[in-house]
Amino acid sequence: MPFMENMKKLLIAEDEASIRQALLDSFKGVDRLTIHVAHNGQEALDLARQEHPDLILLDVIMPKMHGIDMLDAVQSEPWGQSIPVILLTNYADDPKVVKAVAAGKCELMKKFDVRLQDIVAKVKTKLAL
């Protein structure tokens, strides 16, 4: 089915239920987008390895695995090197975050500083939706 070939996969890795639900609600109605959700860093890594998402929205401070450690693990694999990653965090000054952003491994959007529609717009632009 040709339509399915145009589907894009988004992985949302967020441990805080209210933020996770707000993100899910914000992406409802976005055509050609399949959303996978992880509740902790290890689950996010497992899902990324299984699904090979087209983009990852990644929280930094999560149970079981720090978001930057998850990012490093994904980007160490051939399929994961070109996946765009947007960090969603309030911890922009975390040394691991600063280093990852400076190295060009990801983009940063501060949770307290961004509107949900801005996140959706950025994802849609990056995925050409």
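What you see is a predicted model; the values in this text were computed from it and never measured.
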- Query: For the hydrophobic clusters of this structure (ILVMFWY residues joined by side-chain heavy atoms under 4.5 Å, transitively), does one cluster hold both Leu55 and Leu11?
  - Reply: no
- Query: Can you list every ring-ring contact (aromatic ring centres under 6.0 Å, His included) pair that touches residues 13-32, not counting sequence neighbours?
  - Reply: none
- Item | Same apolar cluster: Ile19 and Tyr91, side chain cutoff 4.5 Å | no
- Query: Under 4.5 Å between side-chain heavy atoms, hopping through other hydrophobics if needed: is there a path connecting Val97 to Ile119?
  - Reply: no
- Query: Of Lys96, Lys99, Lys105, which meets salt bridge (Lys or Arg N to Asp or Glu O under 4.0 Å) against Asp72?
  - Reply: Lys105
- Does the Asn90 side chain pair with the main chain of Phe112, one donor and one acceptor, at a distance under 3.5 Å? yes
- Query: Out of curiosity, Lys28 NZ to Leu33 CG, how far, rounded to the nearest 0.5 Å?
  - Reply: 13.5 Å
- How many angstroms lie between OG1 in Thr89 and CE in Met62, if you round to the nearest 0.5 Å? 10.0 Å
- Just how far is it from atom CG of Asp54 to atom OG of Ser82, taken to the nearest 0.5 Å? 9.0 Å
- Item | Ser26 to Ala22 - nearest heavy-atom pair and separation | OG-O, 2.8 Å
- Task: Answer whether the closest heavy-atom distance between the side chains of Gln50 and His36 falls below 4.5 Å.
- Result: no
- Query: What heavy-atom pair brings Pro84 and Lys126 nearest, and what distance separates the two atoms?
  - Reply: CB-CD, 4.2 Å
- How about Lys64: does its NZ atom have over 12 heavy atoms from other parts shown lying under 6.0 Å from it? no
- Query: Met65 pairs by side-chain contact (heavy atoms from CB on, under 4.5 Å) with which of Asn40, Leu71, Leu45?
  - Reply: Leu45
- Query: Side-chain contact, heavy-atom cut-off 4.5 Å: Leu129 with Lys8?
  - Reply: yes
- Query: Between Glu43 and His39, is there a donor-acceptor pair closer than 3.5 Å when you use the side chain of the first and the backbone of the second?
  - Reply: yes
- Item | Glu14 and Lys111 ion-paired at < 4.0 Å | yes
- Message: Hydrophobic clusters here meaning ILVMFWY residues chained together by side-chain heavy-atom distances under 4.5 Å, can you tell me if Leu108 and Ile83 are in one?
- Response: yes
- Task: Enumerate the residue pairs fulfilling ring-ring contact (aromatic ring centres under 6.0 Å, His included) with a member in residues 49-86, sequence neighbours excluded, ordered by first and then second residue.
- Result: His52-Trp79
- Task: Drop me the distance from Glu77's CD to Gln81's CD, to the nearest 0.5 angstrom.
- Result: 9.5 Å
- Regarding Gln42 and Asp46, is there a side-chain donor-to-acceptor distance under 3.5 Å anywhere? yes
- For Val30 against Lys124, the heavy-atom pair lying closest together: CG1-CG, 4.2 Å
- Message: Within this structure, what is the NZ-CG distance for the pair Lys9 and Leu47, rounded to the nearest 0.5 Å?
- Response: 10.5 Å
- Query: Rounded to the nearest 0.5 Å, how far apart are SG of Cys106 and CD1 of Ile56?
  - Reply: 10.5 Å
- Co-membership, hydrophobic cluster, residues Leu88 and Leu58, 4.5 Å side-chain: no
